[in-house]
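Below is one structure; the comments refer to it alone.
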There are 2 protein chains.
Amino acid sequence: MQDIAEAAGVSPMTVSNCFRYPDRVRAKTREAVMKVAAELGYVPNMSAGLLAAGTSRVIGAVLPSIRNSSFYRYVAGLRQAATAEGHELITMIAETPEEEFSAVQTLLGLRVAGIALVAGPHAPELRQLLELSGTAVVESWGGDKAIGRGVSYDVGAASRALTRHLIAQGRRRIGFVQVSGGGGHRYTMRLPAFRQEMFAAGLSDSLVLTVRAADGFGSGAQILNEFLALEPKLDAILCPTDVVAAGAVFECQRRGLEVPGDIAVAGWGDYDIGRQLSPSLTTIAPFSDEIGQGAVSILLGDAPPSEGPLLTPYALEIRESA
Amino acid sequence: MQDIAEAAGVSPMTVSNCFRYPDRVRAKTREAVMKVAAELGYVPNMSAGLLAAGTSRVIGAVLPSIRNSSFYRYVAGLRQAATAEGHELITMIAETPEEEFSAVQTLLGLRVAGIALVAGPHAPELRQLLELSGTAVVESWGGDKAIGRGVSYDVGAASRALTRHLIAQGRRRIGFVQVSGGGGHRYTMRLPAFRQEMFAAGLSDSLVLTVRAADGFGSGAQILNEFLALEPKLDAILCPTDVVAAGAVFECQRRGLEVPGDIAVAGWGDYDIGRQLSPSLTTIAPFSDEIGQGAVSILLGDAPPSEGPLLTPYALEIRESA
DNA sequence: ATATAGAATTGTAGCGCTACAAAAATTTGT
DNA sequence: ACAAATTTTTGTAGCGCTACAATTCTATAT
């Protein structure tokens with residue numbers, strides 16, 4: 001900074017102001033300083049700045065995986081909102097609770113302005129660590145017991161809406177696919193809602209299959225086969241993701257079953273593949289980018305401060321498959 | 001730190017050593033300090049540490065997108081190697097050259113130990129900024145003109161191998177799909193290699209179609225149709241990614257064309273979908289995790305120092321589709 | 001019991017920056 | 001032209017930590 005100041009003929013303090021509070025410096029001076037800085041390749045040391053000022057302009061997000069594209073829109077929303085508020089977003093990938101804990105420690109070490117978590121299994125000490133740190137935290141897809149505050153759409157309502165839609169279409173033997181491992185927590189609200197609606201319609205709510213993880217087409221095929229072994233007259237299935245639903249549709253085609261003629265297949269998540277597929281998938285669109293935006297607004301303290309999670313919209317996308 | 005030191009009855013310096021050089025502290029002392037730190041939720045301020053020590057244990061990676069899963073294995077490799085070397089990995093997503101430039105500025109501001117870029121269009125000032133900064137840089141999938149040093153498999157050799165394979169299978173009218181926009185640079189080596197082999201075999205190398213971006217199934221279908229309009233006797237196509245290839249396969253099925261009977265379809269990248277699909281896709285497996293590991297080894301200075309890019313392995317995966 | 005090598009622990013100074021208040025320069029009003 | 005109001009610029013002190021050297025403690029040999 002000293003070098004830039006000398007080269008530009010101003011004091012170090014003016015250089016600092018140019019980067020941190022451009023408005024406080026006259027345009028002419030600022031341009032001269034910025035020019036010299038660009039020539040010398042000077043980028044302010046954020047660490048020193050953070051240390052001196054005590055506040056950071058970086059938000060950290062921990063993602064459970066980038067194995068599939070499900071977090072693309074979420075991250076886009078985070079990034080867009082962070083940028084709009086003059087912050088930067090850094091992400092860390094953590095596939096296990098232990099890795100997540102370690103990622104949070106790193107983010108805390110960096111003294112980021114806020115941390116965006118994704119709901120799922122967490123290390124038991126995580127909540128306490130974050131509370132003691134005093135860092136702003138938000139848990140996306142989190143509900144009432146979220147670490148920090150939750151941001152999510154109403155998963156239960158979405159699940160009920162989708163179930164009701166299938167029933168309204170005349171489906172009677174509806175199978176539900178439950179996810180246990182991995183990001184299981186993000187799915188837990190769906191089953192009770194499904195059961196509730198099925199019960200209310202006087203239908204059997206016991207056609208439930210549990211799969212470990214919801215990754216890939218393979219599980220879709222497997223699920224379909226298991227369901228058909230369980231209930232040959234199955235006329236609809238509710239899949240945990242569009243990817244699994246796509247796998248199920250492929251398997252239907254292989255077996256000569258018509259979708260939606262013989263079996264209705266519903267997905268979840270409004271993935272690209274669901275739009276491209278023929279038949280296109282009926283699904284729940286979670287507008288994950290709004291979850292990301294909501295998360296940032298909470299972290300930066302400009303969200304409406306109310307009890308419980310911040311609710312974002314969702315939509316039932318009725319397409320060809322169900 | 002002061003608080004921890006007092007609570008544990010040691011000097012601040014010992015607390016510092018516990019976190020930074022655990023071996024320098026007697027096990028008993030260390031445990032006592034760590035226990036207090038855990039209770040109080042103390043996490044060392046990396047910024048202050050960096051400022052004082054002048055070195056960081058964080059590596060930054062800039063990813064062009066997480067829209068599809070293609071970087072999953074790459075990031076896994078980066079992460080694994082970084083962790084093995086006692087470093088942390090943070091990632092930034094940047095979808096345009098401008099965003100990438102800004103991401104690099106942030107990483108530079110954080111004074112990370114090294115920056116891993118992905119080959120593609122860069123902002124013109126990026127190279128100079130990084131050179132002036134003196135930060136270690138590596139460009140994954142980068143070649144001779146990489147910013148910093150390149151790490152990549154031999155894309156040209158892979159393209160030649162795949163082309164030769166198709167020719168050896170008796171294919172004569174082979175279409176090649178070229179990508180222009182987006183991460184185009186990562187694809188540029190493929191076409192010349194394709195042409196070379198086609199020419200060497202006395203075949204026409206002019207069945208080339210250019211698409212803007214290689215995202216999604218939709219483009220696969222479109223490409224197939226355009227190719228067939230161009231050359232009805234087409235007997236093979238080389239797609240830029242497995243996803244596009246899958247889209248082409250779907251379209252073949254829709255049109256009643258047999259794969260590989262009527263048309264051979266080759267993908268690239270060894271994506272999950274290529275293994276799951278029926279017919280499974282013949283593809284190039286790039287072992288992206290090794291690219292990630294190589295990138296970290298270069299950044300941390302323990303890669304064999306030679307001229308040109310660090311070469312990682314690749315494999316021609318011959319499966320059902322070609 | 002004492003000397004000595006080695007391990008463990010501890011002060012000191014300073015990393016690069018910014019908050020804050022004070023000083024200097026500029027603009028505005030009369 | 002001069003004072004007052006406003007804008008722009010500038011020192012000073014200190015953020016939390018670690019390198020390094022100096023000091024204290026522990027284990028071993030004589």
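From a predicted model like this one, the values you see are computed outputs, not experimental measurements. Chain letters run A, B, ... following the sequence lines, proteins first, then strands; residues in each count from 1.
For the contact set between residues 129-137 of chain A and DNA chain D, defined by any heavy atom under 4.0 Å, there are no members. Against DNA chain D, the stretch residues 27-41 of chain B makes no heavy-atom approach under 4.0 Å.
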Pick out the pairs of N or O atoms, protein on one side and nucleotides 4-7 of chain C on the other, that lie under 3.5 Å.
none

Every protein N/O within reach of nucleotides 14-18 of chain D N/O, cut-off under 3.5 Å:
{"unit_1": "D:dC15", "atom_1": "O2", "unit_2": "A:L51", "atom_2": "O", "d": "3.3"}
{"unit_1": "D:dC15", "atom_1": "O2", "unit_2": "A:A52", "atom_2": "N", "d": "3.2"}
{"unit_1": "D:dG16", "atom_1": "N2", "unit_2": "B:A48", "atom_2": "O", "d": "3.2"}
{"unit_1": "D:dC17", "atom_1": "OP1", "unit_2": "B:Y42", "atom_2": "OH", "d": "2.5"}
{"unit_1": "D:dC17", "atom_1": "OP1", "unit_2": "B:N45", "atom_2": "N", "d": "3.2"}
{"unit_1": "D:dC17", "atom_1": "OP2", "unit_2": "B:M1", "atom_2": "N", "d": "3.2"}
{"unit_1": "D:dT18", "atom_1": "OP2", "unit_2": "B:S16", "atom_2": "OG", "d": "2.2"}
{"unit_1": "D:dT18", "atom_1": "O5'", "unit_2": "B:S16", "atom_2": "OG", "d": "3.4"}

N/O contacts under 3.5 Å, protein versus nucleotides 22-28 of chain C?
none

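Using bins of under 30°, 30° to 60° and over 60° for the plane-to-plane angle, the ring pair B:Y74/B:W141 lands in the perpendicular bin.
A donor-acceptor pair under 3.5 Å links the side-chain atoms of B:T312 to the main chain of B:Y153, judged by distance alone. Remark: side-chain polar atoms of A:Q293 are not paired, donor with acceptor, to backbone N or O of A:A81 under 3.5 angstrom. With hydrogens and angles disregarded, no donor-acceptor distance shorter than 3.5 Å links the side chain of B:S56 to the backbone of B:L50. Side chain of A:S140 to main chain of A:V118: no donor-acceptor pair is present (N/O by atom type, distance under 3.5 Å, no hydrogens or angles). At least one donor-acceptor pair closer than 3.5 Å links the side chain of B:T91 to the backbone N or O of A:T91.
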Distance-only check: which donor-acceptor pairs under 3.5 Å involve side-chain atoms of residues 18-32 of chain A, not counting sequence neighbours?
{"unit_1": "A:R30", "atom_1": "NH1", "unit_2": "A:P22", "atom_2": "O", "d": "2.7"}
{"unit_1": "A:R30", "atom_1": "NH1", "unit_2": "A:V25", "atom_2": "O", "d": "3.3"}

When the side chains of residues 3-17 of chain A are checked against the rest of the protein, which donor-acceptor pairs come out under 3.5 Å, sequence neighbours left out?
{"unit_1": "A:E6", "atom_1": "OE2", "unit_2": "A:Q2", "atom_2": "NE2", "d": "3.2"}
{"unit_1": "A:S11", "atom_1": "OG", "unit_2": "A:M13", "atom_2": "N", "d": "3.4"}
{"unit_1": "A:S11", "atom_1": "OG", "unit_2": "A:T14", "atom_2": "N", "d": "3.4"}
{"unit_1": "A:S11", "atom_1": "OG", "unit_2": "A:T14", "atom_2": "OG1", "d": "3.3"}
{"unit_1": "A:N17", "atom_1": "ND2", "unit_2": "A:M13", "atom_2": "O", "d": "3.3"}

Name each donor-acceptor pair under 3.5 Å that joins a side chain in residues 103-117 of chain B to protein atoms two or more places apart or in another chain, with its distance.
{"unit_1": "B:T106", "atom_1": "OG1", "unit_2": "A:E88", "atom_2": "OE1", "d": "3.2"}
{"unit_1": "B:T106", "atom_1": "OG1", "unit_2": "B:S102", "atom_2": "O", "d": "3.2"}
{"unit_1": "B:R111", "atom_1": "NH1", "unit_2": "A:V43", "atom_2": "O", "d": "3.1"}
{"unit_1": "B:R111", "atom_1": "NH1", "unit_2": "B:L108", "atom_2": "O", "d": "2.7"}
{"unit_1": "B:R111", "atom_1": "NH2", "unit_2": "A:V43", "atom_2": "O", "d": "2.8"}

Using a 3.5 Å cut-off and no angle test, enumerate the donor-acceptor pairs between side-chain atoms of residues 126-133 of chain B and protein atoms at least two apart in sequence or in another chain.
{"unit_1": "B:R127", "atom_1": "NH1", "unit_2": "B:A146", "atom_2": "O", "d": "3.4"}
{"unit_1": "B:R127", "atom_1": "NH2", "unit_2": "B:K145", "atom_2": "O", "d": "2.6"}
{"unit_1": "B:S133", "atom_1": "OG", "unit_2": "B:L130", "atom_2": "O", "d": "2.7"}
{"unit_1": "B:S133", "atom_1": "OG", "unit_2": "B:T135", "atom_2": "N", "d": "3.0"}
{"unit_1": "B:S133", "atom_1": "OG", "unit_2": "B:T135", "atom_2": "OG1", "d": "3.1"}

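What you find for B:H87 and B:V58 is that their closest heavy atoms are ND1-N, 4.0 Å.
Scored by the salt bridge (charged side-chain N to carboxylate O under 4.0 Å, His left out) test, A:D289 finds A:R73 as partners (sequence neighbours excluded). Residues that satisfy the salt bridge (charged side-chain N to carboxylate O under 4.0 Å, His left out) test with A:R57, not counting sequence neighbours, are absent from this structure. Among residues two or more places apart in sequence or in another chain, the salt bridge (charged side-chain N to carboxylate O under 4.0 Å, His left out) test is passed with A:E95 by B:R79.
The CZ atom of A:F71 sits 11.0 Å away from atom CD1 of A:I66, with the distance rounded to the nearest 0.5 Å.
A sub-4.0 Å separation between OP1 or OP2 of C:dT10 and a side-chain N or O of B:T14 is present.
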